[in-house]
Amino acid sequence: MTTLRAFTCDDLFRFNNINNNNLLLNRAPQYGIPFYLQYLAHWPEYFVVAEAPGGELMGYIVVVVLSRGAAALMLCVSAVMGKAEGSVAREEWHGHVTALSVAPEFRRLGLAAKLMELLEEISEKKGGFFVDLFVRVSNQVAVNMYKQLGYSVYRTVLEYYSASNGEPDEDAYDMRKALSRDTEKKSIIPLPHPVRPEDIE
């Protein structure tokens, strides 16, 4: 049985099985200890960890709500990282998934779907019109998983991911799922042409 409890500073040294994993579903960036400490100091009530029965961390989820005075939160569970952003007036207020990962030993248990569901619920409560995420075009495992969860490709973002070792930059899909506030599903009507990173608000 998974246990939810308050995150402690010691947990920063316990989730290497997730952060050092090269097979992250969304190839999440690795953040330094100061990043996590900043959020723990500002919003400790939203910083929770999920432990497996043996005491190992299953991962973490970070949901950050930032924009025009909105609250921010960070919740640790299995590795999804997100925020709320955009304009309400233009019907662009939405939840954004920054990263999603589940430790290898806890995959195939439905944790990724549960984490995405949690982020969608938070975005609904915050009045979002949709949830979006960026995923590498080449990461078909993640693309297919997101499609199974109801996401569709809204647009292609050219050279979104910077390459290393002299390889070319990689394109990303901006995938979206409409929430109940978007009754006409306008937020998920695909764009007919790709965009560049600098064109994204």
Exercise for review: Output, in order, the C-alpha distance, side-chain angles, deciding distance and verdict of side-chain contact (heavy atoms from CB on, under 4.5 Å) for Leu191 and Tyr154.
Suggested key: CA-CA 6 Å; Leu191 291 185; Tyr154 171 68; 3.7 Å; yes
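- Shown here for Val135 and Ala142, the closest heavy-atom pair between the two residues is CG2-CB, 3.7 Å.
- Applying the side-chain contact (heavy atoms from CB on, under 4.5 Å) test to Asp10 and every residue at least two apart in sequence or in another chain returns Thr8.
- Residues Gly128 and Arg181 approach most closely at O-CB, 3.5 Å, considering heavy atoms.
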Review point. Stepwise, does the ring-ring contact (aromatic ring centres under 6.0 Å, His included) test hold for Tyr173 with Phe134?
Key: CA-CA 6 Å; Tyr173 288 137; Phe134 294 92; over 10 Å; no
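- Residues Val143 and Met145 fall within the same hydrophobic cluster, defined by Ile, Leu, Val, Met, Phe, Trp and Tyr side chains chained together at heavy-atom separations under 4.5 Å.
- Thr183 OG1 to Phe129 CZ: the interatomic distance, rounded to the nearest 0.5 Å, is 9.0 Å.
- Residue Ala113 comes nearest to Leu149 through the heavy atom pair CB-CD2, 3.7 Å, listed as atom of the first residue, atom of the second, then distance.
- Taking the side chain as every heavy atom from C-beta outward, Asp132 and Lys177 never approach each other to under 4.5 Å.
- Rounding to the nearest 0.5 angstrom, the gap separating the CD atom in Glu117 from the CD atom in Glu121 is 5.0 Å.
- Heavy atoms of other residues, nucleotides or ligands lying less than 6.0 angstrom from NZ of Lys125 number 12 at most.
- By the criterion of side-chain heavy atoms lying less than 4.5 angstrom apart, applied directly or through intervening Ile, Leu, Val, Met, Phe, Trp or Tyr residues, Tyr161 is grouped together with Ile200 in one hydrophobic cluster.
- Residues meeting the side chain to side chain donor-acceptor pair (under 3.5 Å) test with Glu159, sequence neighbours left out: Arg196.
- Every residue two or more places apart in sequence or in another chain that forms a side chain to side chain donor-acceptor pair (under 3.5 Å) with Lys186 is listed here: Glu91.
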Practice item. Evaluate the side chain to side chain donor-acceptor pair (under 3.5 Å) criterion for residues Ser187 and Asp182: first the C-alpha distance (whole Å), next the side-chain angles of each, then the deciding distance (0.1 Å), finally the verdict. Key: CA-CA 7 Å; Ser187 65; Asp182 183 6; 2.5 Å; yes
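- For the pair Tyr146/Leu133, a side-chain contact is recorded, criterion being any heavy-atom separation below 4.5 Å from C-beta on.
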Check your understanding: Does the pair His193 and Arg155 meet the rule for a side-chain contact (heavy atoms from CB on, under 4.5 Å), with working shown?
Key -> CA-CA 7 Å; His193 54 81; Arg155 61 187 168 185; over 6 Å; no
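- In plain terms, the two heavy atoms of Pro197 and Leu158 that are nearest each other are CD-O, 3.0 Å.
- Aromatic pair Phe130/His94: centroids less than 6.0 angstrom apart.
- With rounding to the nearest 0.5 Å, the separation of CZ in Arg176 from OG in Ser152 is 9.5 Å.
- With hydrogens and angles ignored, the 3.5 Å screen pairs no side-chain donor or acceptor of Asp199 with any backbone N or O of Val195.
- Remark: the backbone N or O of Ser138 is paired with a side-chain donor or acceptor of Glu170 at under 3.5 angstrom.
- Looking at Tyr160 and Arg136, their side chains never come closer than 4.5 Å, going by heavy atoms from C-beta outward.
- Residues Val157 and Pro194 fail the side-chain proximity criterion, which asks for heavy atoms closer than 4.5 Å.
- Atom CD of Gln140 has more than 12 heavy atoms from other residues, nucleotides or ligands within 6.0 Å.
- For the pair Asp174 and Val153, the minimum side-chain heavy-atom distance is 4.5 Å or more.
- Not a single donor-acceptor pair under 3.5 Å links the side chain of Asp171 to the backbone N or O of Val137.
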